[in-house]
There are 2 protein chains.
Amino acid sequence: MASAELSSILAALGRDATARVRRAIRPLGITAHQYLVLTQLADLGLTSQTALASALGLDPSNLATTISELVDRDLVDRCRDDADRRRYAVTLTAAGTKLLRKAHTAIAASESDLLTALDPGQQAQLHTLLRRIADGAELCPAAGDDACD
Amino acid sequence: MASAELSSILAALGRDATARVRRAIRPLGITAHQYLVLTQLADLGLTSQTALASALGLDPSNLATTISELVDRDLVDRCRDDADRRRYAVTLTAAGTKLLRKAHTAIAASESDLLTALDPGQQAQLHTLLRRIADGAELCPAAGDDACD
DNA sequence: TATTGTTATACTCTATAACTATA
DNA sequence: TATAGTTATAGAGTATAACAATA
């Protein structure tokens with residue numbers, strides 16, 4: 001990775017990070033996609049699937065599948081939005097919240113060796129820079145409407 | 001991506017970066033994997049497949065497939081290492097070098113909007129931090145032996 | 001016995017198009 | 001006509017195990 005573009009470095013580190021996440025959460029019985037959705041739901045509270053998809057950079061068609069899996073396992077709740085009945089309103093269940101907490105712990109433990117190369121100040125700096133790119137690039141915040149029940 | 005671990009942010013940005021690379025090089029008729037291998041070969045000169053695999057963080061079994069595809073298209077050259085005949089010695093061909101140059105150009109053009117969120121100083125900083133992680137984490141440099149012909 | 005690389009296979013992820021239903 | 005979501009499908013990427021050849 002000697003003289004690569006930013007895209008290539010990000011792609012390589014991203015692949016490594018994804019593999020790390022996958023290994024860490026495998027004992028919990030969820031995939032990386034499922035974990036991503038749970039995390040995003042925890043952040044956004046209640047949202048539509050389109051909002052979720054664009055926030056995560058996933059294709060809506062794939063998100064539909066992932067959410068169905070999570071609903072089947074009672075980790076998320078999906079019901080029609082009364083204000084716009086095309087939409088679904090999606091939220092975490094108590095079980096989903098609980099499992100997500102376990103996942104966070106497992107992942108945090110697994111990334112410690114990633115961070116040993118940086119001192120705390122550098123870690124914070126990196127976090128800030130990455131977030132700035134993520135926010136600026138294409139991840140639209142997307143507002144969650146109300147509804148459900 | 002409000003309150004996520006470093007792994008999650010890296011995974012998300014990595015996915016985006018991979019998609020960006022894929023779109024950029026699609027007109028050239030190569031996959032992201034193939035591009036990665038070409039890039040790495042340009043950096044390392046002549047190497048074994050094991051060295052390549054560990055440098056890229058790819059599984060050797062998948063690398064075998066990718067390299068075969070590249071050999072079929074005459075973008076890389078693969079022949080047995082005389083010093084250790086288990087090994088292959090892999091290099092870029094002239095055609096591979098040429099195609100790689102086009103790919104670099106296409107990718108550089110496609111990542112400009114990624115970088116608008118950061119000023120030049122921050123871009124350099126980010127590059128440094130990511131490289132430090134990449135070097136420290138698990139990407140072993142791997143020495144390329146001599147051989148071929 | 002350990003290492004280099006291959007093949008086969010199963011699973012996950014990505015991307016597209018065609019579709020339903022609501023607006 | 002446009003938007004939210006679904007289904008189906010094909011292609012790309014990831015992971016594992018079993019194997020051949022060489023060291």
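Reminder, nothing fancy here: chain letters follow the sequence lines and each chain counts from 1.
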Checklist outcome for this item: Whichever of A:Asn62 and B:Pro60 has the more 5' nearest nucleotide on DNA chain C, that residue is B:Pro60
Checklist entry - Can you check the A:Arg80 CZ to D:dG5 P distance for me, whole Å? => result 8 Å
Checklist entry - When you check the side-chain N and O atoms of B:Gln125 and B:Thr128, is any donor under 3.5 Å from an acceptor? => result no
Next on the checklist: Just N and O in the side chain of B:Arg26: are any of them under 4.0 Å from OP1 or OP2 of C:dT16?
Outcome noted: yes
Next on the checklist: Just the rounded figure in Å: distance from P of C:dC11 to CD of A:Glu69.
Outcome noted: 13 Å
Checklist outcome for this item: By nearest-nucleotide position on DNA chain D, the 5'-leaning member of A:Tyr88 and B:Ala32 is A:Tyr88
Item to check | Residue met sooner reading DNA chain D from 5', once A:Ala64 and B:Thr31 are mapped to nucleotides | outcome: A:Ala64
Checklist entry - Between C:dA15 and B:Arg22, is there an OP1 or OP2 to side-chain N/O distance shorter than 4.0 Å? => result yes
Item to check | Nearest non-hydrogen partners of A:Ala51 and A:Ser48, listed with the distance | outcome: N-OG, 3.2 Å
Item to check | Between A:Gln34 and A:Thr66: side-chain donor-acceptor atoms closer than 3.5 Å | outcome: no
Item to check | For atom NE2 of A:His33 and atom P of C:dC11, their distance in whole Å | outcome: 17 Å
Checklist entry - Given side chains that start at C-beta, do those of A:Leu92 and A:Leu75 come closer than 4.5 Å, heavy atoms only? => result no
Checklist entry - To the nearest angstrom, how far is B:Asp82 atom CG from C:dT4 atom P? => result 17 Å
Next on the checklist: Taking atom types as they are modelled, would you say the side chain of A:Arg86 forms a donor-acceptor pair with the base of D:dT3 within the 3.5 Å cutoff?
Outcome noted: yes
Next on the checklist: Students often get this wrong, so: under 4.0 angstrom with heavy atoms, is A:Leu63 touching a base, only sugar-phosphate, or nothing?
Outcome noted: nothing
Item to check | Nearest-nucleotide 5' precedence on DNA chain C, A:Arg85 against A:Gln34 | outcome: A:Gln34
Next on the checklist: Base of D:dT16, side chain of B:Ser61 - is there a donor-acceptor contact under 3.5 Å?
Outcome noted: yes
Checklist entry - Given atom CG of B:Leu56 and atom P of D:dG13, what is their separation to the nearest angstrom? => result 13 Å
Next on the checklist: Expressed as a whole number of angstroms, how long is the span from B:Arg87:CZ to D:dT22:C1'?
Outcome noted: 12 Å
Item to check | Length of the line joining B:Asp59:CG and D:dA18:C1', which is rounded to integer Å | outcome: 14 Å
Checklist outcome for this item: Atom OH of A:Tyr35 and atom C1' of C:dC13 are separated, to the nearest Å, by 18 Å
Next on the checklist: Please tell me if A:Thr50 has a side-chain N or O lying less than 4.0 Å from either OP1 or OP2 of D:dG5.
Outcome noted: yes
Item to check | Passing candidate, side-chain contact (heavy atoms from CB on, under 4.5 Å) with A:Leu41, options A:Leu36, A:Leu52, A:Thr91 | outcome: A:Leu52
Next on the checklist: If you compare every side-chain N and O of B:Arg78 against the phosphate oxygens of C:dT6 (OP1, OP2), does one of them come in below 4.0 Å?
Outcome noted: yes
